[in-house]
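Report on the following structure.
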Amino acid sequence: MALHEKISSILATEPLGSKVTVKGWVRTFRSNRFVAVNDGTTLQSIQAVVDYEREDEALLAKLSPGAAVSISGEVVESQGKGQRVEIMAESIEVHGTSDPERYPLQPKKHSLEFLREIAHLRFRTNTFGAIFRIRHTLSFAIHKFFHDRAFYYLHTPIITASDAEGAGEMFRVTTLPAGDPPRREDGTVDFTKDFFQQETNLTVSGQLEAELGALALSRVYTFGPTFRAENSNTSRHLAEFWMIEPEVAFANLKDNQDLAEEMLKYLIKEVLAAHPEDLQFLNDRLQQEESQKPAHQRSSMGLIEKLEFCVAEDFERLTYTEAIRILQNSKPNKKKKFQFVIEDWGADLQSEHERYLVEKHCKKPVILTDYPTQIKSFYMRLNDDQKTVGAMDVLFPGIGEIIGGSQREERLDVLERRMAEMNIPQEELSWFLDIRRFGTCPHAGFGLGFERMVQFVTGMSNIRDVIPFPRTPGNVSF
RNA sequence: GCCUCCUUAGCUCAGCUGGUUAGAGCGGCGGACUGUUAAUCCGUAGGUCCAAGGUUCAAGUCCUUUAGGGGGCGCCA
């Protein structure tokens, strides 16, 4: 395939003297002479120098921010200071003009909130260019990580009939007419007339299906869209997000923690290696943003420093019981500074407690394990103490829970008892129980919130800024 | 869903305890200049102060309601 040159490769190889053609979008046009062209392949724009005395004035007038152009010319050493090479433009073609009076992106800093309202154009900014290049690298690295470790990528269904996963409110999927659906005699909607002849929803997790794959293929992972119809209004939640769910047969909670830690470090390393420039830009952006904040709200580390730190340090591993003890003895708990003061073992941990453990006490990523049975899901393996389950949460600074996982309950009798206790209908999940009936084995897995990972690596504080088109309550534009 | 803050020009924001014709920077338009780096300089246009009610001699400013957005909490990844 013979394509025109990417600006990233021209800037990397600096082929002085050769003729090139670049195609991209105008960022700025200065002094009637310097066109900064960006094609999204790198943070940097390339400078094309036009001879304004020879070029048609009408053509130059079209070189406003946002215009799509092809520019051909010779790569030369730059006379100016800001760049090493530039292109002496010999021919310029404007493919699409961009009315400067109506184009919303100016060569200046825009607020993230404003850019969110023009999500279709925000890819053209330095910040979002960097974010989405990094997002790609992360998603590619996930496949590479698992592929290299003999995991099979399993496509679990997006439409599901089970509503017993317990991971949250679901979006209904139906082809029945909204206004006048067929009804049974008692007036309820007759879903046997629906497309699947029963009620269906969008998936909230591929875990249960991934377990089925793992108990045959040994190691599988899913990576797909996930939907939660919760009315969540936070900087960490989306109604549509992407989740990675590895599931490993013959693995216990320790293996699970090791896998999670190894994966997170691998992903961070890949991004550090592939995107030094984009990360530096985001690092500086974050630093500038934080300099506006009062001193006590600023983070102690810069973005790149934080990423390198996370790769170098072992994650802190604590049991829930140990965490409760730490929290009970903590200053904010004793001085009743927590909104929810920790009284007894068994209490659910709130964000403020997780944040204290990660950001104040351990000062590094934390893996919390072995939570009380009653605050966790039915499928988590009951520990020998009968009070706790083999659950694990990986907590990251600034983000909170980035991974939630567990060793699964593989013993049929125990699982059935727990489902009964928690009122989980067993008929619907007969396939899930069959796996315990025929050749069951210890297994474990976890779910990684992909956007939370992108947030962490890019330092973006709002999850809506790390997915191209965010879906949140009341928001499905674009 | 709960708590809290915000909404003034295309964008970012100022407008003090209510008091004449609502301001700045950037952007636009016109011009000058031309090796610039979010170019610079001169000039100029641009506003239903989110919407609807209310208090007052007087509301961008105070009160109520509504809409949109930010932050925090809950639910979680």
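Labels below follow one simple rule: chain letters A, B, ... track the order of the sequence lines, proteins then strands, and each chain is numbered from 1.
Nucleotide G43(B): paired with C29(B) (Watson-Crick or G-U wobble, both distances less than 3.5 Å). Pairing of U34(B), defined by two Watson-Crick or G-U wobble distances under 3.5 Å, is not identified with any nucleotide. G1(B) is paired with C73(B) under the criterion used here, namely a Watson-Crick or G-U wobble arrangement in which both key atom distances are under 3.5 Å.
As a whole-Å value, the separation of Q339(A) CD from C73(B) P is 9 Å. When rounded to the nearest whole Å, the span between OH of Y371(A) and C1' of C76(B) equals 12 Å. Whole-Å rounding puts the F114(A) CZ to G27(B) C1' distance at 11 Å. A77(B) atom P lies 11 Å from atom CD of E354(A), rounded to whole Å. The CD1-P distance, from I142(A) to A77(B), rounds to 16 Å in whole Å. At whole-Å resolution of the value, CG in N38(A) and P in A38(B) are 14 Å apart. Taking atom CD of residue E401(A) and atom C1' of nucleotide G74(B), one finds them 14 Å apart after rounding to whole Å. Rounded to whole angstrom, the span from the CG atom of D51(A) across to the P atom of U34(B) amounts to 14 Å.
Side chain of R452(A), nearest nucleotide from G35(B), C76(B), U34(B): C76(B). Side-chain atoms of N231(A) lie closest to G1(B) of the nucleotides G69(B), U37(B), G1(B). Closest to the M243(A) side chain, of the nucleotides U34(B), A77(B), U37(B), is A77(B). With distances taken from any side-chain atom of P100(A) to the nucleotides A77(B), A39(B), G28(B), the minimum falls on G28(B).
Within the 4.0 angstrom heavy-atom criterion, base atoms lie near Q47(A). Using a 4.0 Å heavy-atom criterion, one finds that G404(A) contacts the sugar-phosphate atoms exclusively. S351(A) comes within 4.0 angstrom of sugar-phosphate atoms only, judged by non-hydrogen atoms across all strands, and of no base. Within 4.0 Å of E86(A), counting heavy atoms only, lies at least one base atom of the nucleic acid. As judged by a 4.0 angstrom heavy-atom cut-off over every strand, I244(A) is placed among residues making no nucleic acid contact. Contacts of Q79(A) with the nucleic acid, taken as non-hydrogen atoms under 4.0 Å apart, include base atoms. Counting any heavy atom pair closer than 4.0 Å across all strands shown, E117(A) reaches no nucleic acid atom. The residue N233(A) sits close to a base: some heavy atom pair falls under 4.0 Å. At a threshold of 4.0 angstrom between heavy atoms, the contacts of S111(A) are confined to the sugar-phosphate backbone, with no base atom among them.
Look at D39(A) and K6(A) and you find no salt bridge, because none of the NZ, NE, NH1 or NH2 atoms lies under 4.0 Å from a carboxylate O.
Ring centroids of Y153(A) and F223(A) are separated by 6.0 Å or more, keeping the two rings apart. Two rings, from F340(A) and H353(A), have their centers 6.0 Å or more apart. Taking the six-membered ring where the residue is Trp, the centroids of F123(A) and F469(A) are separated by under 6.0 Å.
Atom P of G54(B) sits at a distance of 40 Å from the matching atom of C73(B), rounded to the whole Å. The gap from the P atom of U61(B) to that of A52(B) amounts to 13 Å, rounded to the nearest Å. When the C1' atom is compared between G46(B) and A58(B), the two are found 28 Å apart, to the nearest whole Å. Here, C57(B) and U48(B) have their P atoms 29 Å apart, quoted to the whole Å. Between G74(B) and A67(B), the two P atoms lie 25 Å apart (nearest whole Å). Distance noted for atom C1' between C62(B) and A77(B): 45 Å (whole Å). Distance noted for atom P between G60(B) and U21(B): 11 Å (whole Å). Here, G69(B) and C33(B) have their C1' atoms 43 Å apart, quoted to the whole Å.
Put simply, the side chain of Q106(A) and the base of G10(B) share a donor and an acceptor less than 3.5 Å apart. Interface remark: the R228(A) side chain does form a donor-acceptor pair with the A77(B) base, using a distance-only criterion of under 3.5 Å. R33(A) contributes no side-chain N or O that forms a donor-acceptor pair with the base of C33(B) under 3.5 Å. For C76(B), its base sits under 3.5 Å from the side chain of H237(A) at one donor and acceptor pair at least.
Counting non-hydrogen atoms of neighbouring residues, nucleotides and ligands closer than 6.0 angstrom, the CD atom of E77(A) reaches no more than 12 such neighbours.
Phosphate contact (OP1/OP2 of G70(B), side-chain N/O of R116(A), threshold under 4.0 Å): present. Between R236(A) and C75(B) there is no side-chain polar atom (N or O) within less than 4.0 angstrom of OP1 or OP2. A sub-4.0 Å separation between OP1 or OP2 of G71(B) and a side-chain N or O of N462(A) is present. For C11(B), the OP1/OP2 oxygens have no side-chain nitrogen or oxygen of R102(A) closer than 4.0 Å. Contact annotation: S232(A) does not reach the phosphate of G74(B) (side-chain N/O to OP1 or OP2, under 4.0 Å).
Annotation: cation-pi pair R149(A)/Y221(A) absent, no NZ/CZ under 6.0 Å from the ring centroid and within 45° of its normal.
K337(A) has its side chain out of reach of K331(A): every pair of non-hydrogen atoms, C-beta onward, lies at least 4.5 Å apart.
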